[in-house]
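Input: a single structure, listed below in structure tokens.
Side-chain atoms are counted along with the backbone in the values below, which use heavy atoms only and exclude waters and symmetry mates. Please read these numbers as outputs of a predicted model, since none were measured by experiment. We're numbering straight along the sequence, starting at 1.
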Amino acid sequence: MSYELHVERESPLAFAELAKAMAPAGFSLCDQGEILVGDEPRPVAHWRERVVGRPSSDWDVAQLVRLAAVLGGRLLGEDGEHYYLRDGVIEVDGDPIGKIDQILVEGPAAW
């Protein structure tokens, strides 16, 4: 089983609102609730009354950080850790993962 991250918001978004909010940032939402992103669309999360992802690469984490920002929410891990972007660097509770631009250029190579 992989580690789960989810987007937490003050107020939940309905399916149609979610699709509309994500589209300008390049995300798309399939009828089954799968959230896709990229030139060759790749799933990064699912909508199950909230946005949930099981990242398999830093690229996935970077996309989830972007998605949380687009939705006006916070990206949290199973154990409550907070993933966020500060000065172009993705951090987890203050520990850097890497520069978001570099991670996104590298693509979705698995860990």
Side-chain angles (χ1 to χ4, degrees):
M1 184 173 161
S2 60
Y3 196 74
E4 185 175 281
L5 302 177
H6 68 274
V7 176
E8 188 173 281
R9 286 180 32 94
E10 291 287 322
S11 59
L13 286 173
F15 190 81
E17 294 173 310
L18 178 66
K20 185 177 178 182
M22 298 185 318
F27 293 92
S28 60
L29 183 62
C30 297
D31 291 338
Q32 301 84 6
E34 190 171 50
I35 299 170
L36 307 170
V37 68
D39 294 335
E40 296 176 19
R42 172 183 165 89
V44 292
H46 284 84
W47 182 79
R48 299 182 206 131
E49 303 299 319
R50 68 179 181 178
V51 175
V52 176
R54 293 183 183 270
S56 61
S57 69
D58 286 345
W59 185 87
D60 291 336
V61 173
Q63 295 294 356
L64 289 167
V65 167
R66 287 183 58 239
L67 182 57
V70 166
L71 298 176
R74 303 180 301 152
L75 185 62
L76 301 175
E78 288 178 4
D79 299 323
E81 59 281 342
H82 182 199
Y83 291 72
Y84 54 92
L85 186 63
R86 182 191 347 233
D87 299 326
V89 175
I90 298 172
E91 297 183 2
V92 182
D93 292 337
D95 294 326
I97 291 178
K99 293 182 178 181
I100 192 166
D101 292 343
Q102 290 175 347
I103 292 170
L104 292 174
V105 167
E106 289 174 12
W111 285 315

Hydrophobic clusters here meaning ILVMFWY residues chained together by side-chain heavy-atom distances under 4.5 Å, can you tell me if [X] and [Y] are in one?
X: Tyr84; Y: Tyr3; answer: no
X: Val92; Y: Leu67; answer: yes
X: Val89; Y: Leu75; answer: no
X: Leu36; Y: Val44; answer: no

Of the non-hydrogen atoms in [X] and [Y], which two are nearest, and what is the gap between them?
X: Ala45; Y: Val51; answer: CB-CG1, 3.8 Å
X: Trp47; Y: Leu18; answer: CD1-CD2, 3.0 Å
X: Gln63; Y: Phe27; answer: O-CZ, 3.5 Å
X: Ser57; Y: Pro108; answer: OG-CA, 3.8 Å

Trp59 side chain reached by Val37 side chain, heavy atoms, under 4.5 Å: yes
Contact check, side chains of Val7 and Leu64, non-hydrogen atoms, under 4.5 Å: no
[atom1] of [X] to [atom2] of [Y]: how many Å apart, nearest 0.5 Å?
X: Leu29; Y: His46; atom1: CG; atom2: NE2; answer: 10.0 Å
X: Arg9; Y: Arg50; atom1: CZ; atom2: CZ; answer: 13.5 Å
X: Phe15; Y: Glu49; atom1: CZ; atom2: CD; answer: 11.0 Å

Side-chain donor/acceptor of [X] to backbone N/O of [Y], under 3.5 Å:
X: Arg74; Y: His82; answer: no
X: Glu78; Y: Glu4; answer: yes
X: Tyr83; Y: Gly77; answer: no

Pairs satisfying salt bridge (Lys or Arg N to Asp or Glu O under 4.0 Å), at least one member in residues 23-47, at least two apart: Arg42-Asp60
Considering only distance and modelled atom types, tabulate donor-acceptor pairs under 3.5 Å from the side chains of residues 97-106, sequence neighbours left out.
none

